[in-house]
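Since the structure comes first, as structure tokens, the remarks are kept for the end.
Just so it is clear, the structure is predicted and the values come from calculations on it, not from any experiment.
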Amino acid sequence: MMNEQRRQFLSVLRDLPLRVTAEEVAWMLNCAEHDVPCLVRAKLLKPLGKPTRNARKFFDPEEILKRRKDRAWKDKVSNTIYAHWRNANE
């Protein structure tokens with residue numbers, strides 16, 4: 001079930017914000033927020049600027065929407081998340 005905050009965010013994607021948080025990226029990709037760091041490590045997502053390791057990361061929403069249309073990229077995202085949790089659960 002979609003929470004109200006997520007529904008409102010997704011409804012405004014026509015007028016994109018300058019940058020989005022990891023939580024918002026997760027909403028856009030229909031994954032969990034804790035999956036975003038493994039996608040960054042796999043270089044499937046690139047934060048804006050040059051944030052330090054522990055800094056809050058922001059992402060380009062236009063880039064994410066563009067990549068969502070690429071089937072090969074979506075396969076890589078899914079496989080990266082599957083592999084991450086398979087390794088974590090071993």
Side-chain angles (χ1 to χ4, degrees):
M1 176 180 261
M2 189 179 302
N3 71 33
E4 182 62 21
Q5 187 178 19
R6 180 179 179 192
R7 187 191 64 72
Q8 287 176 345
F9 173 77
L10 293 175
S11 72
V12 300
L13 286 180
R14 284 178 233 107
D15 186 25
L16 295 173
L18 175 69
R19 58 190 192 159
V20 293
T21 64
E23 179 182 25
E24 293 163 338
V25 169
W27 291 344
M28 294 171 78
L29 299 179
N30 194 28
C31 67
E33 185 176 355
H34 58 256
D35 292 330
V36 173
C38 75
L39 297 175
V40 171
R41 282 191 299 277
K43 301 196 184 315
L44 293 170
L45 291 175
K46 185 177 187 293
L48 291 168
K50 295 183 180 180
T52 59
R53 185 172 185 224
N54 295 333
R56 185 173 187 193
K57 313 278 190 295
F58 293 94
F59 301 87
D60 180 352
E62 291 176 3
E63 179 182 341
I64 293 164
L65 289 178
K66 179 180 151 192
R67 288 183 170 212
R68 283 172 36 127
K69 297 177 183 177
D70 179 354
R71 170 66 189 230
W73 183 81
K74 290 188 277 190
D75 283 340
K76 289 177 187 176
V77 165
S78 294
N79 289 333
T80 298
I81 293 170
Y82 294 147
H84 171 78
W85 290 108
R86 185 173 44 249
N87 293 335
N89 291 327
E90 286 182 354

_Residues that Glu62 engages under salt bridge (Lys or Arg N to Asp or Glu O under 4.0 Å), provided they are two or more places apart_ = none
*Identify, with sequence neighbours excluded, every residue that meets salt bridge (Lys or Arg N to Asp or Glu O under 4.0 Å) alongside Arg71.*
Asp75
*Once you round to the nearest 0.5 Å, how far does CD of Glu24 lie from CG of Leu29?*
12.0 Å
*Which value, rounded to the nearest 0.5 Å, describes the distance between Asn30 atom CG and Met28 atom CE?*
12.0 Å
*Indicate the atoms forming the closest heavy-atom contact of Phe58 with Arg19, along with that distance.*
CD1-NH1, 3.3 Å
*Looking only at non-hydrogen atoms, find the nearest pair between Val20 and Pro17 and report the distance.*
CG1-CG, 3.7 Å
_Expected output: side-chain Lys74 to main-chain Arg68 donor-acceptor under 3.5 Å_ = yes
Identify each donor-acceptor pair in which a side-chain atom of residues 32-54 lies under 3.5 Å from a protein atom, sequence neighbours left out, and give them as a table.
residue	atom	partner	partner atom	Å
Asp35	OD1	Trp85	NE1	2.7
Asp35	OD2	Ala32	N	3.2

*Would you call Glu63 and Arg67 a salt bridge, taking side-chain N to carboxylate O under 4.0 Å as the test?*
yes
